[in-house]
Amino acid sequence: MPADAVRVLEAALADAAGAEVALERPGDPSHGDYATNVALRLAGARRQPPRTIAEELVEKALGLPAVERAEVAGPGFVNLWLEPAWYGDALAGILAAGEHYGGGSAATPERVQVELVSANPTGPIVVSAARNGAYGDCVARLLAFAGHEVEREYYYNDAGTQMERFRASVEAARRGEEAPDDGYRGAYVAELAADPGDPVPEMLHRIEASLERFRIHFDSWALQSELELRLPEFLPRLETYERDGALWLRSGAYGDDKDQVVIRSAEKGGLPTYRAADIVYLADKLGRRFDRAIYVLGADHHGTRNWYAAIARMLGFDPGRVEVLLYQFVHLVRGGETTKMSKRAGDLVTLDELIDEVGVDAARWYLVNRDHDQTIEIDVDLAAEKSRKNPVYYVQYAHARIASILRNAEASTVSALSSEAEPPAELAVEERDLIKRLAEFPTLVAEATERRAPHALPNYAIQLADDFHRFYHEHKVLGSEAEPFRLALVTATQTVLARSLDLVGVDAPDRM
RNA sequence: GCGCCCGUAGCUCAGCGGACAGAGCGACGGCCUUCUAAGCCGUGGGUCGGAGGUUCGAAUCCUCCCGGGCGCACCA
C-alpha cells in the first residue's frame with residue numbers, strides 16, 4: 001500500500017476522467033469525504049456542460065472499489081463518499097511508512113546549504129535573529145525530510161567596521177570608559193571586558209551555545225576575512241572597473257539594482273567590502289560544494305536578492321540555484337506593551353531571555369507558526385502560559401495522551417498493529433475525520449517544503465490535535481470492539497504529531 | 001522618487017482559484033464515578049483596506065488607489 005492514499009485515489013480518478021484530478025476536503029460534510037472540480041475545469045476545453053462531464057465521472061468513480069457513493073453537486077462538483085476499506089488501507093499505509101510517512105518528496109535529491117542566522121558576533125542573538133534561526137532551521141529540516149542532503153552554516157564578519165567598533169567598545173569598558181557613540185553597550189560588553197584578549201571568539205562561543213540550546217546545530221562556520229583574501233582568484237571571471245579610486249563590480253548589468261564597490265578606494269582604506277567575500281563565498285558554494293545555496297535574511301536585506309542573482313550570473317551559474325529567503329520582523333508584546341528592539345541600544349530582548357521566559361518549545365513554535373512574509377507579534381505572556389490557552393501545549397497534550405493509551409495497552413496488541421488494523425464495518429465521523437487529516441500530511445509537507453513555508457506545520461498540528469481530541473472524547477480505544485483498529489489509528493496519529501512537531505523543532509513529550 | 005513585504009472577527013493571525021471565510025486570545029454558557037479536563041460542546045462576533053478587471057466562480061490572479069513596515073552607503 002503506497003503511503004499516500006489520497007494520491008492513489010486521485011490517480012485512479014484521473015485515469016477515469018482523462019485529466020488531472022485534485023481532491024479536496026469540502027468544508028461541508030454533506031458534500032462528501034472528498035470532492036473534485038475537474039468537471040468545471042474541463043468544461044471550457046471540452047465544450048461540454050460541466051454537469052455532463054461530472055455525470056460521466058460519477059459513473060466511472062462508482063466503479064472504483066474505494067468509492068461508496070458519488071454524486072454531482074452544484075455547478076458541477078463531484079462529491080465522493082469512501083468505503084471503510086479505503087480508510088483501512090490509508091491507515092495501513094501510514095503505519096507501514098512509520099516515521100518516514102510524508103517524507104522523501106524530493107524528486108531529485110540535492111546537496112543544499114542553508115546559511116542562517118549569520119549575525120555578526122557583536123552581541124547576543126536577539127529575537128529577530130532568533131526568527132532567522134527558527135525559520136531557517138525549519139526549512140532545513142523540511143528539506144532534509146524531503147530527502148535532500150542539508151548542511152547548516154553560520155557566516156560572520158570577523159574583521160569589518162562593525163567588528164572594530166565592537167572591539168573598541170570592549171576596550172573602552174576595560175579602561176573604565178564609556179563606549180564610543182557608535183559603539184556597543186550592555187551588560188555583555190562589561191562581561192566580555194572582564195577577560196583579556198579578543199572578545200570575538202568568546203562572543204561566538206556564547207552565540208553558538210544559545211543556538212544549540214535553541215536546537216539549532218551548525219555544521220560549519222565561515223569567516224569573511226578568509227573569504228575576501230581569495231578575491232584575486234575570481235577577479236578574471238568578473239566584470240569590474242575603477243571609478244573614484246575604488247574597484248566596482250558591474251553587477252547592475254546582470255540584474256542588480258546598481259553596480260557595487262568591491263574594493264574601497266585608498267582614501268577609504270583600500271580594503272575589500274563585504275561584497276568581495278560574498279562573491280568568493282557564492283562561487284565556493286556553487287562551484288564546489290552544493291547544488292543549491294539558500295540564504296536566510298531579514299526583510300531589510302531584500303536588496304541582496306538581486307545582488308546574489310547578479311553575481312551568480314556573472315560567475316556563470318544558474319541563478320535558480322541561489323535562493324534568498326526573507327522573513328519579516330518580530331515584535332514582542334508583554335502586558336499589552338510592544339517591545340521595540342534595536343541592536344545598538346541596551347534594552348534588546350535576547351534569544352536566551354526569551355527561552356528563559358517561555359521555554360524552547362514555545363519560542364520555536366511562536367517564531368515559525370506564521371508566514372515568514374508576515375510581521376509578527378508574539379504575546380510573551382501567552383507563550384509562557386502552560387495551559388489550554390497555549391496551542392503548543394494543546395498539541396503536545398494530544399501526543400502525551402496517546403502515549404498514555406499506548407502505555408496502558410497490552411504490549412502484544414500494540415506490536416501486532418498493522419496486521420489487525422481491519423476497519424470496522426461502520427466508521428464514526430471522528431474516525432473518518434482523523435484519518436482524512438492524517439492523509440493530508442504528505443501533500444501538506446511537500447507544499448510546505450516547496451514553498452519554504454514551515455508555518456503550515458504548526459497550523460496543521462493544531463488541526464490534527466483537534467481531530468484527535470474530539471475522537472478521544474467520543475470513543476474509547478482500550479477495551480472497545482474496534483480496539484486493534486483504534487490502536488492503529490492512535491499510533492499513526494502519534495507518529496504524525498511527532499513528525500509535525502519535530503519539523504518545527506518542538507518536543508513531543510510522552511507525559512505532561 | 002524607485003524597490004520589496006503586509007493590510008481577513010475587538011486583538012494576534014491561518015486560508016492564497018472553488019460550494020455558507022477559519023483558529024487562538026478576549027466575552028458569555030454547559031460537560032469530570034470514563035484510556036491524562038493542559039480535554040470536549042455551545043453562543044456572540046467579519047461589506048476579507050478601496051475601486052476596476054480576468055473567470056462559470058476571486059479573500060485568493062491582474063491594474064490602479066489608500067494605509068502601514070522595510071530598503072535604496074566605498075555599514076553588514
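Counting non-hydrogen atoms under 4.0 angstrom, Asp381(A) reaches nothing in the nucleic acid. Using a 4.0 Å heavy-atom distance criterion, Arg51(A) is classed as making no nucleic acid contact. At a threshold of 4.0 angstrom between heavy atoms, the contacts of Asn79(A) include nucleobase atoms, whether or not backbone atoms are also involved. His372(A) comes within contact range of no nucleotide atom at all, as no heavy-atom separation falls under 4.0 Å. Base contact: Tyr472(A) has a heavy atom under 4.0 Å from a base atom. Looking at heavy-atom distances under 4.0 Å, His301(A) makes contact with a base.
Look at His31(A) and the base of A19(B); the rings stack, centres closer than 5.5 Å and planes less than 30° apart.
For Gln374(A), a side-chain nitrogen or oxygen approaches OP1 or OP2 of A14(B) to under 4.0 Å. OP1 or OP2 of C40(B) has not a single side-chain nitrogen or oxygen of Arg470(A) nearer than 4.0 Å. OP1 and OP2 of G71(B) both lie 4.0 Å or more from every side-chain N or O belonging to Arg305(A). Within the structure, every side-chain polar atom (N or O) of His302(A) is placed at least 4.0 Å from both OP1 and OP2 of C72(B). Look at Tyr394(A) and you'll find a side-chain N or O under 4.0 angstrom from OP1 or OP2 of C40(B). Between G26(B) and Lys389(A), a contact under 4.0 Å exists linking OP1 or OP2 to a side-chain N or O.
Checking His475(A) against Glu430(A) by side-chain atom types alone, a donor-acceptor pair falls below 3.5 Å. Side-chain polar atoms of Tyr393(A) and Asp361(A) form no donor-acceptor pair below 3.5 angstrom.
With a 3.5 Å ceiling on both atom-pair distances, C16(B) lacks any Watson-Crick or G-U wobble partner. When both pairing distances are held under 3.5 Å, A9(B) makes no Watson-Crick or G-U pair with any nucleotide shown. Across all strands shown, G71(B) forms a Watson-Crick or G-U wobble pair, both distances under 3.5 Å, with C2(B). Applying the Watson-Crick and G-U wobble criteria (two distances, each under 3.5 Å), U55(B) pairs with nothing in any strand. In this structure G39(B) sits in a base pair with C31(B), meeting the Watson-Crick or G-U test at under 3.5 Å. Pair assignment for U47(B) gives none, since no Watson-Crick or G-U wobble pairing has each distance under 3.5 Å. When both pairing distances are held under 3.5 Å, U60(B) makes no Watson-Crick or G-U pair with any nucleotide shown.
Annotation: cation-pi pair Arg401(A)/Tyr472(A) present, NZ/CZ under 6.0 Å from the ring centroid and within 45° of its normal.
Between Ala456(A) and Asn390(A), the residue whose closest nucleotide on RNA chain B is further toward the 5' end is Ala456(A).
We find that Glu153(A) and Lys285(A) are not joined by a salt bridge, their nearest charged nitrogen and carboxylate oxygen being 4.0 Å or further apart.
Scanning for salt bridge (Lys or Arg N to Asp or Glu O under 4.0 Å) contacts around Arg69(A) gives Glu71(A), with sequence neighbours left out.
A donor-acceptor contact under 3.5 angstrom links the side-chain atoms of Asp28(A) to the base of C20(B). In this model, a side-chain donor or acceptor of Ser265(A) finds a partner on the base of C74(B) within 3.5 Å. Asp257(A) contributes no side-chain N or O that forms a donor-acceptor pair with the base of G3(B) under 3.5 Å.
Counting only residues at least two apart or on different chains, no side-chain hydrogen bond (donor to acceptor under 3.5 Å, both in side chains) pair has a member in residues 42-53 of chain A.
Syn is the conformation of C32(B), whose glycosidic angle sits no further than 90° from 0.
When the C1' atom of C70(B) is taken as reference, atom OH of Tyr327(A) falls 12 Å away, rounded to whole Å.
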